[in-house]
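Written below as structure tokens is the structure these notes are about.
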Amino acid sequence: MAKIQTPQPVRGTQDMFGETEERFAHVVSTFERVRRLYGFKGLQLPVIEPTAVFARSLGEATDVVSKEMYSFEDRGGDSITLRPEFTAGIARAYLTNGWQQHAPMKVTAHGPLFRYERPQKGRYRQFHQIDAEIIGAAEPAADVELLVMADQLLYELGIKEGVTLELNTLGDAESRDAWRAALVVYFTDHRDVLSEDSLARLEKNPLRILDSKDPDDRGVAHAAPKIDEFLSGEAQDFFGAVTAGLDAAGVAWTRNAKLVRGLDYYRHTAFEFTTDRLGAQGTVLGGGRYDGLIENLGGPATPAVGWAAGIERLAMLVDNWFPVRTEVAVVAEHSEREVEAVSLTTMYRRAGFQAEQFITGSPRKRYDRAKKIEPAILISLDLRDGVRSHSLNLLDQGYERVGDVTSAFDSFYIG
RNA sequence: GCGACCGUAGCUCAGUUGGUUAGAGCGCUGGUUUGUGGUACCAGAGGUCGGGGGUUCGAGACCCCUCGGUCGCCCCA
């Protein structure tokens, strides 16, 4: 039989194992724990949605929709898309399930997302996010609650060091439109000094020029009109309430007047938790208020706010995760003790101990193999010169459950 | 879509200005040693040097193409 060439994985996908997987799982379980503390309900949503869900809500002209979506026709001829973000799918579910009855609705989700992009550090074609939203709440208190939860999550993950919360407001629709118009005028006047990329942004997404990485753009961007000059009274009050709430909760933040969102539906609060520890991918968690999105999907005007964070990026920063450690290792140092080792190991597992058995390979090398995985307790079953022996060794002096392991061991052999 | 760098055993890498049968460490398998002991030694398995073409008496080393990886730009978490 001819050997075929083993198929390669799809570009930008990852197979997680060992430490990578442990870190990932730690982020998710911490998130699940923290979101419950804040009374957020979990959500399990489809990975595939009708293409219109994203095309309509994100805007046809955005990069995500125009060139980054994994879209295909199913057998019935419908255009299906692998979700590139959570928010649009959540908004769709909110409308099609009649969840207005639950408003204001505090929900979270996590899972894989797909974007056809060039992979680089902390960025993949199949990537994973945790996501939190409050739908149907117009009050700044919702923004604050979400931000405080994000802050606590980062704290519990042990990565608050070196991560800062950057905060901005985009104002309400009128403020934002006026600001945008002023920016277009300003940048058009200075188009001779703008980078090539920013000239393209001027057409598509002028706000983005503000956070351009190009040094040529920095100077002009710095002197550009500020959103503060265009904020309505209500918008100012809203932002003031958000910052006051954060201060009351003791959450540190810094104003970044150049912080914007790529998508058009964002209003008012925009925020990012950023770090310099991830190369070019500085944003660890980002989000904002999107009062226009649900309307874009054909629903009633519904205020909402939310954030998302890349699990891979968080996992790279985390250092307080703990590997699954073996509590009890059972070694059969002689072939005649193997069956007994199985029953002893099973006894420990059923009693809730993380136990491992060493009953294969060279009997002489099993003890060393067992010791290498650094179990808290190592049990050896041997048969030498016709004499059966069994011993229990405590390798980790700090292990808390010694007593339970030992008494189970004694009752196994004494009865 | 664009740019830079990189592809040699399962893993981490050596491999001299191109020169004979391509190496090491770790891991794996077996053996000896040790016998409350993560020791030491021996042996074995495992490589079309990413793939294709070219230059050359001779290419893992040089050139071209291609595929893959990494990082960056765009955009974004």
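Please read all numbers here as calculations on a predicted model, not as lab measurements. Proteins come first, then strands; the chains are lettered A, B, ... in the order of their sequence lines, and each starts at number 1.
- With B:C75, B:G35, B:G38 as the choices, the nucleotide that has an atom nearest any side-chain atom of A:D368 turns out to be B:G38.
- Residue A:R261 places its side chain closer to B:A77 than to any other of B:U70, B:G37, B:A77.
- Each of A:S391 and A:E68 was matched to the nucleotide of RNA chain B holding its nearest heavy atom; the match closer to the 5' end belongs to A:S391.
- Distance noted for atom C1' between B:G47 and B:U21: 14 Å (whole Å).
- Within 4.0 Å (heavy atoms only), A:R201 reaches sugar-phosphate atoms of the nucleic acid but no base atom.
- The partner of B:A59 is absent, by the rule that a Watson-Crick or G-U pair needs both atom distances under 3.5 Å.
- Using P as the reference atom, B:U70 and B:C64 are 24 Å apart when rounded to the nearest Å.
- Residue A:M316 contributes atom CE, which lies 12 Å from atom P of B:U70 at whole-angstrom precision.
- Within 4.0 Å of A:E196, counting heavy atoms only, lies no atom of the nucleic acid at all.
- The aromatic ring of A:Y367 does not sit over the base of B:G38, since the test of centres under 5.5 Å and planes under 30° is not met.
- Below 30°, between 30° and 60°, or above 60°: for A:Y413 and A:H390 the angle between ring planes is below 30°, a parallel geometry.
- Here the separation of B:C41 from B:C26, taken at their P atoms, is 9 Å to the nearest Å.
- A salt bridge links A:R289 and A:D291; the closest N-O separation between the charged side-chain nitrogens and carboxylate oxygens is under 4.0 Å.
- Across the P atoms, B:C73 and B:G58 are found 46 Å apart, a figure rounded to whole Å.
- Taking atom CG of A:D211 as the reference point, atom C1' of B:A77 lies 14 Å away to the nearest angstrom.
- Checking A:S198 against A:D217 by side-chain atom types alone, a donor-acceptor pair falls below 3.5 Å.
- When the nucleotides B:G72, B:U70, B:C76 are ranked by their closest atom to the side chain of A:R208, B:C76 comes out on top.
- Taking the C1' atom of each, B:G27 and B:G44 are spaced 14 Å apart, rounded to whole Å.
- The CZ atom of A:F358 sits 18 Å away from the P atom of B:G37 (whole-angstrom rounding).
- Here A:G287 lies out of heavy-atom contact (under 4.0 Å) with every strand.
- In the set B:A77, B:U70, B:G37, the nucleotide with an atom closest to the side chain of A:R115 is B:A77.
- What separates CD of A:E117 from C1' of B:U70 is a distance of 16 Å, to the nearest Å.
- The local environment of OH in A:Y186 is crowded, with over 12 non-hydrogen atoms from other residues, nucleotides or ligands closer than 6.0 Å.
- Residues A:D382 and A:H128 each lie close to RNA chain B; by heavy-atom proximity, the contact nearer the 5' end of the strand is made by A:D382.
- Distance check on atom C1': B:U17 versus B:G10 gives 34 Å, rounded to whole Å.
- Side-chain atoms of A:R123 come within donor-acceptor range of the base of B:C75, with a qualifying N/O pair under 3.5 Å.
- Look at CD on A:Q126: it is 18 Å from P on B:A77, rounded to the nearest Å.
- Across all strands shown, A:D197 has heavy atoms under 4.0 Å from sugar-phosphate atoms exclusively, and none from any base.
- In summary, the side chains of A:S380 and A:E333 do present a donor paired with an acceptor at a separation below 3.5 Å, with no hydrogens or angles considered.
- A:R11 comes within 4.0 angstrom of sugar-phosphate atoms only, judged by non-hydrogen atoms across all strands, and of no base.
- Between A:N393 atom CG and B:G35 atom P there is a gap of 16 Å when expressed in whole angstrom units.
- For A:Q129, the side-chain atoms get nearest to B:A77 when compared with the rest of B:A77, B:G72, B:C74.
- We find that A:R33 and A:E156 are joined by a salt bridge, their nearest charged nitrogen and carboxylate oxygen being less than 4.0 Å apart.
- Taking atom C1' on both nucleotides, B:G46 is separated from B:G23 by 14 Å, rounded to a whole Å.
- For A:I311 and B:C76, the CD1 to C1' distance is 16 Å, given to the nearest whole Å.
- Comparing the C1' positions of B:A59 and B:U8 gives a spacing of 14 Å, expressed to the nearest Å.
- Among A:E133, A:H268, A:R261, the single residue meeting the side chain to side chain donor-acceptor pair (under 3.5 Å) criterion with A:Y290 is A:E133.
- We find that CG of A:L259 is positioned 12 Å from P of B:C76, with the value rounded to whole Å.
- Shown here, B:G7 forms a base pair with B:C67; the pair counts as Watson-Crick or G-U wobble because both key distances fall under 3.5 Å.
- A side-chain donor from one of A:T283 and A:E272 sits under 3.5 Å from a side-chain acceptor of the other.
- Judged by Watson-Crick or G-U wobble contacts below 3.5 Å, the nucleotide B:G1 has B:C73 as its partner.
- Residue A:Y124 is in base contact, counting any heavy-atom pair closer than 4.0 Å across all strands shown.
- Note on A:E85: nothing from the nucleic acid sits closer than 4.0 angstrom, heavy atoms only.
- For B:U70, the OP1/OP2 oxygens have no side-chain nitrogen or oxygen of A:Q120 closer than 4.0 Å.
- For B:A24, the paired base is B:U12 (Watson-Crick or G-U wobble, both distances below 3.5 Å).
- Pair assignment for B:A43 gives B:U29, based on Watson-Crick or G-U wobble hydrogen-bonding distances that are each under 3.5 Å.
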